[in-house]
Every structure is written in C-alpha cells, then in structure tokens.
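What follows is a single structure, written as structure tokens, with notes after it.
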Amino acid sequence: MPHTPEDKKKALTRLRRIRGQCDALEKALEAGSECAPVLQQLAAIRGAVNGLMSEVMGMYLQEEFGAASSLDAGQQKSIDTILSLVRTYLK
C-alpha cells in the first residue's frame, strides 16, 4: 500500500485513469461496438491494471526492505531483479 503522499497520489491517478477506461468500455459495450475496439480497450485496461500492480509492488518491496539509501548494492540489485521479473510477467 502506498504510504507517502507522492506514492498515494500516483496510485490514485492511475486508478482514476483505469476507472475512465472501464467507463469507456461500458459505453462501448452498451452501444454495441465492434469486437476489435472492445478487445483493444480490454487489453489497455489489463495493461493499466498490471502497471498499477507493478508500481504498488515496487513500493511495497522498497517499504519492506528499506529505502534505497539503506540497502547495500546486492540487496538493491535483488529488489530490482524481482521487480523486473514481475514486470515481465505482467506484460
């Protein structure tokens, strides 16, 4: 969970953007839009949710294992590797 004001603002901004995408998807479905644009919107929403998950996970790892300034190089590299793996998986 983001705890700093900056992190909280970033997460909420992303969430509001996702909500807007979901609202647009709902309107497209109600209007009977073609499948291709609906699928494209679904993919965009999935990407946005995965991006938010990745961002929150990064915040969590930094919070759990300490600020970058308090970590040694090996610990920071491990966190960066974990985040890279998660981001790759979420794509």
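Please read all numbers here as calculations on a predicted model, not as lab measurements.
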Which of these, Ile79, Leu85, Leu83, sits in a side chain to side chain contact (heavy atoms under 4.5 Å, CB included) with Thr81? Leu85
Taking atom CG of Leu25 and atom CD of Glu30, what is their separation to the nearest 0.5 Å? 10.0 Å
Gap separating the NZ atom of Lys77 from the CG atom of Asp72, nearest 0.5 angstrom: 12.0 Å
Would you say Leu12 ends up clustered with Met57 if hydrophobic residues are merged whenever their side chains have heavy atoms under 4.5 Å apart, either directly or through other cluster members? no
Within this structure, what is the CG-NZ distance for the pair Leu15 and Lys10, rounded to the nearest 0.5 Å? 15.0 Å
Got a sec, which residues hit side chain to side chain contact (heavy atoms under 4.5 Å, CB included) with Ala44, two or more places apart in sequence or on another chain? Gln21
Could you note down all residue pairs passing side chain to side chain donor-acceptor pair (under 3.5 Å) where residues 37-57 supplies at least one of them, sequence neighbours left out? Arg14-Glu55, Ser54-Arg87
Measuring from atom CG of Asp80 to atom CD of Gln76, what distance do you get when rounded to the nearest 0.5 angstrom? 4.5 Å
Would you please name every residue forming a side chain to side chain contact (heavy atoms under 4.5 Å, CB included) with Ser33, sequence neighbours left out? Ala28, Ala31, Val38
Could you tell me the separation between the OG atom of Ser78 and the CD atom of Gln75, rounded to the nearest 0.5 Å? 7.5 Å
